[in-house]
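Values in this document were obtained by computation on a predicted structure and should not be read as measured data. All chains are named by letter (A, B, ...) in the order of the sequence lines, taking the proteins before the strands, and each is independently numbered beginning at 1.
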Protein chains: 2
Amino acid sequence: MAAKRSEELLKELEHDILTGTLTPGMKLDEKSLTERFNVSRTPVREALHKLASIGLIDILPRRGATVRKVGLKELIEMFEVMAELEGLCGLLATQRMTNDEVQNLRHRHEDTYILVENGQYDTYYDANVLFHECIYKGSHNNFLAEQTMNLRNRVAPYRRIQLRTPRRLETSFAEHEKILHAIEARDAEQTSELLKSHVTVQQGSFNNFISTLPMDLLRDGS
Amino acid sequence: MAAKRSEELLKELEHDILTGTLTPGMKLDEKSLTERFNVSRTPVREALHKLASIGLIDILPRRGATVRKVGLKELIEMFEVMAELEGLCGLLATQRMTNDEVQNLRHRHEDTYILVENGQYDTYYDANVLFHECIYKGSHNNFLAEQTMNLRNRVAPYRRIQLRTPRRLETSFAEHEKILHAIEARDAEQTSELLKSHVTVQQGSFNNFISTLPMDLLRDGS
DNA sequence: GTGTCACGTTTTGTATACAATTTTAAAAAA
DNA sequence: TTTTTTAAAATTGTATACAAAACGTGACAC
């Protein structure tokens, strides 16, 4: 897109936020970043502004940038939208995926079984992302796929928390199996419903998710 | 958000694109903009980058910025997502709007009747936007409302074209009446369905919309 | 006449200098 | 001790200067 250097910064900072190296609330002052990346303030500012418009950081006039803290209300709102987009992806994917694509998805799914058995949380998390991205792309609606991934990234800092919930992996794997089954049966409506609930409530309830969130990651007054 | 000056530029340029003063494909070179707004290149570049991340313009490395030309395929994809978001807004709004909010919406709707009778296209267009924004906000999901408005803005340059389709105003007004009726009846499912179809196919068919699009607004190969 | 290469111009990407505002810190007064 | 004021320091917003890459023009060769 834009400059080469500023694009690198963007990717790196985005990665840091998504993986939790930079947690919500942290300050990002320009000077430190210029030193860290050995560039001038100009590309740093461009990267920051891009992050801001993606929604990953907040920039207040004359007060610098901070990793975005999302209020509880907004987080719930985001999941509400996320569920709908994910459901639409599933609906369209079920109608539009070729048999080859479905088969590919099944293989990808079955390959993750070993990770569940060994309890490899981090690796499973990445594989999980890929599984869902396969469905996004399966919708054959590129714009939708990108929007959904963007939103997924935006809530990622908060999802990673709930990684180590007991039996989380087994539950996720079982739900994936059901979703895959619905796709193979070409039951679009059921795929959509399964995905909508899979996104947020995963296993038990949304309450579990909320309860396990460290409060300091949320905006004050939540 | 960011700087005061660059924020003004952003708004003004966005307005120009949304109203059609700047049409898809036009080049936006930095020098002209610095002269037009009497500022240096720095705020100009910031505004351009923001527009790029909103999706209204394209920035190619070392090749400048152009008002975004959306391919036909992508345009269809965007409307597919738009319909879903609009439908979700309607679904939630029907469940969550207070009686006062519904009443307010009805008044707003009835006020537009005079515009239909007089064939005041431009004024009706604005009123139409407000009507829909009322529903967005009625979802009581601020994040969803913003996302929907953003997407609406992104396709706005292409919607404005079809303004003068014969009997477009009457049809739109009648559909609004039906939507409003479903909301008043608290029939969330019907509201959602009505809105989904209202967004795109308006009156006859999506084909009509596609057919009336000036081809030079679309990317090559569409 | 057409195609290609070279040079000059234009435009973008980056760095740095300057201006303005906010934060902080300390000092003075209550 | 606490609060308020004030000034210095640090940080952000803007402008300009410099570097590098792309575009256009023109000349030369075929």
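Taking atom CG on B:Leu9 and atom P on D:dG13, their separation rounds to 14 Å, with Å as the unit. In this structure, the CG atom of B:Asp29 is 10 Å from the C1' atom of C:dT10, given to the nearest Å. Computed from coordinates, the A:Ile59 CD1 to D:dT11 C1' distance equals 13 Å when rounded to whole Å. With rounding to whole Å, A:Leu48 atom CG is found 10 Å from D:dG13 atom P. Regarding B:Leu10, its CG atom lies at a distance of 16 Å from the C1' atom of D:dG13, rounded to whole Å. Separating the CD atom of A:Glu30 from the C1' atom of C:dT22 is a distance of 14 Å, rounded to the nearest angstrom. When rounded to the nearest whole Å, the span between CD1 of B:Ile57 and P of C:dT12 equals 11 Å. Distance CG (A:Leu33) to C1' (D:dT12): 13 Å, rounded to an integer number of Å.
At the heavy-atom level, B:Arg41 lies under 4.0 Å from base atoms of the strands shown.
Between A:Ser40 and C:dA15 there is a side-chain polar atom (N or O) within less than 4.0 angstrom of OP1 or OP2. Contact between the side-chain N/O atoms of A:Arg45 and the OP1/OP2 oxygens of D:dG13 is found at a separation under 4.0 Å.
Taking all atoms of both residues into account, the shortest heavy-atom contact from A:Arg96 to A:Glu101 is O-OE1, 4.2 Å.
Between B:Arg36 and B:Asp16, at least one side-chain nitrogen of the basic residue sits less than 4.0 Å from a carboxylate oxygen of the acidic one, meeting the salt-bridge criterion.
For the pair A:Thr94 (side chain) and A:Gly90 (backbone), a donor-acceptor distance under 3.5 Å is present.
Of the candidates D:dT16, C:dT12, C:dT14, C:dT14 carries the atom nearest the A:Thr42 side chain, counting heavy atoms from C-beta on.
Side-chain polar atoms of A:Asp29 and A:Ser32 form a donor-acceptor pair below 3.5 angstrom. In this model, a donor atom of one side chain and an acceptor atom of the other lie less than 3.5 Å apart for B:Glu86 and B:Tyr136.
Residue-to-nucleotide proximity on DNA chain D shows that, of B:Pro43 and B:Arg63, the 5′-proximal contact is made by B:Pro43. Two residues, A:Lys27 and B:Gly64, neighbour DNA chain C, and the one matched to the more 5' nucleotide by heavy-atom proximity is B:Gly64.
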